[in-house]
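Keep in mind that the numbers below use all heavy atoms, side chains included, and drop hydrogens, waters and symmetry copies. Model, not experiment: these values are computed from the prediction. Note that ligands are numbered from 1 as they come in the structure, with each ligand's atoms numbered from 1 the same way.
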Amino acid sequence: MSSGRDFLNKVLSSLKEAAEYINLDPGIHEVLSRPKRVAIVSLPVKMDDGSIKVFTGIRVQHNNARGPYKGGIRYYPTVDVDEVTALAMLMTYKCAVVDLPYGGAKGGVACNPKEMSRNELERVTRRYTAMIYEIIGPYVDIPGPDVYTDAQIMAWIVDTYSQIRGVFTPEVVTGKPISLYGSLGRSDATSRGAVIAMRELAKALNKPLKDAKIAIQGFGNVGYNAARILYDEYGAKIIAVSDSKGGIYNENGLNPHAVIEHKNKTGTVVGFNGAENITNEELLTIPCDFLMPSALENVITKEIAEKINALAVVEGANGPTTAEGDRVLKERGIIVVPDILANAGGVTVSYLEWVQNLKRESWSLEEVNSRLEAKMVKGFNSVMEKSRKYEVAMRQGAMILAVERVAEAISYLGIWP
Ligand code: NAD
């Protein structure tokens with residue numbers, strides 16, 4: 001993962017840019033430049049060998065002018081306050097772009113889940129929850145999963161929080177198992193939302209998704225599901241995919257179902273029968289219609305951006321393009337659907353899960369997907385409208401839309417005390 005400070009600076013400079021376009025009150029700009037609260041907690045945990053290890057846990061709450069804080073929890077060895085703050089800020093803007101009644105937050109525990117047992121992960125999770133329970137809650141701050149956290153971890157948070165509060169509270173987190181008040185459609189919501197954004201852009205460009213050539217970096221939750229939806233539901237040609245070990249390419253198209261079977265057997269997409277092995281760099285620069293980075297931050301650098309050979313980039317991952325990379329893409333006329341719009345489908349269905357929980361209802365997959373579709377299309381059109389009005393790229397358009405919405409809420413609420 002990239003250095004947290006660089007990531008935070010990138011988010012702050014896109015706020016500054018939007019602030020200049022809309023003549024934002026300097027006081028409100030200052031408010032949005034800082035998180036409202038940063039909690040850093042030390043988590044003593046009994047390891048399986050009987051020793052005690054102390055982990056660092058973080059929860060950053062950036063802004064709640066539009067509603068309770070919302071944002072995932074990541075477990076990753078290098079997690080730090082700057083990175084979590086940058087991600088919390090992105091959540092504020094992402095929720096505003098698709099008009100969800102939420103603010104933005106993010107959490108993290110500096111640990112390496114790949115080296116920990118399930119029991120150790122459970123103890124870390126319960127201790128982290130016990131240390132932050134006073135500042136989270138269904139109308140206060142609703143965490144969810146992120147990198148290396150999953151539905152089981154969300155279930156442990158529900159149990160710990162509910163036991164401490166003495167009230168069963170599944171609505172304190174989203175991304176839960178379906179049998180514990182999770183929502184149908186949550187697992188592929190980010191990908192479905194990104195595909196909807198790609199489809200709307202394709203419409204605007206008069207380039208049908210059927211037979212469109214698509215390259216996808218990352219074949220995890222976001223990358224694989226996007227490939228599957230594009231292939232099954234739109235007849236698109238997935239010409240290249242990759243994971244941390246490398247990529248594969250076939251100009252006639254790959255079948256994502258066969259590729260995932262191969263990956264499940266061998267641990268990687270590399271070596272798939274009927275495709276040529278390529279590097280991750282080659283994947284990013286391969287001639288295609290739509291490129292979808294769906295793995296890591298900062299992979300589209302200036303050098304890569306100069307070689308990208310796509311009509312448009314749809315950011316499935318958070319922060320995949322560096323500031324210089326973004327400038328080059330703009331100069332070269334390559335359209336970018338920015339992360340705060342393109343991957344907002346995940347938090348949108350998290351919101352739908354929360355609404356179902358509060359009403360103790362459980363909606364059909366069709367109902368969830370049609371509400372997701374409506375939110376994404378509206379978000380896409382609102383971003384396009386702002387981009388046209390200010391004559392800027394979609395990334396700036398999305399930030400302008402988000403900052404205007406948050407700033408307006410702050411102004412109406414006022415500053416008190
Ligand atoms: P994941 O762990 O399921 O998948 C990540 C994929 O990236 C894996 O295939 C992995 O092999 C690949 N990868 C890792 N290192 C790589 C490298 N050096 N080069 C190429 N590929 C590499 O994670 P995910 O949930 O799919 O998340 C991917 C991105 O999408 C992250 O930036 C995440 O923050 C963002 N995102 C995810 C969601 C969600 O709902 N899952 C929502 C919004 C944003």
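Here the protein heavy atom with the shortest distance to atom 25 (O) of ligand 1 is N221 CB, 3.6 Å. The protein heavy-atom contact nearest to atom 34 (O) of ligand 1 is N318 ND2, 3.0 Å. The nearest protein atom to atom 6 (C) of ligand 1, hydrogens excluded, is given as G220 N, 3.8 Å; this is a heavy-atom distance. Atom 42 (C) of ligand 1 has its closest protein heavy atom at T190 OG1, 3.2 Å. Scanning the protein heavy atoms around atom 15 (N) of ligand 1, the nearest turns out to be S244 CB, 3.5 Å.
Atoms of ligand 1 found under 4.0 Å from any heavy atom of A317 (numbered from 1 in listed order, with element): 29 (C), 30 (O), 32 (O), 35 (C). Each of the following atoms of ligand 1 lies closer than 4.0 Å to a heavy atom of R186: 40 (O).
Scanning both residues, I308 and L291, for their nearest heavy atoms gives CD1-CD2, 3.7 Å. Closest approach of P256 to F219, counting heavy atoms only: O-CZ, 4.0 Å.
Residue contacts with ligand 1: G223 is placed with no nitrogen or oxygen under 3.5 Å of a nitrogen or oxygen of the ligand (distance criterion only).
Side-chain atoms of N250 and E276 include no donor-acceptor pair closer than 3.5 Å.
With a 6.0 Å radius and a threshold of 12 heavy atoms from other residues, nucleotides or ligands, R34 has its CZ atom at or below the threshold.
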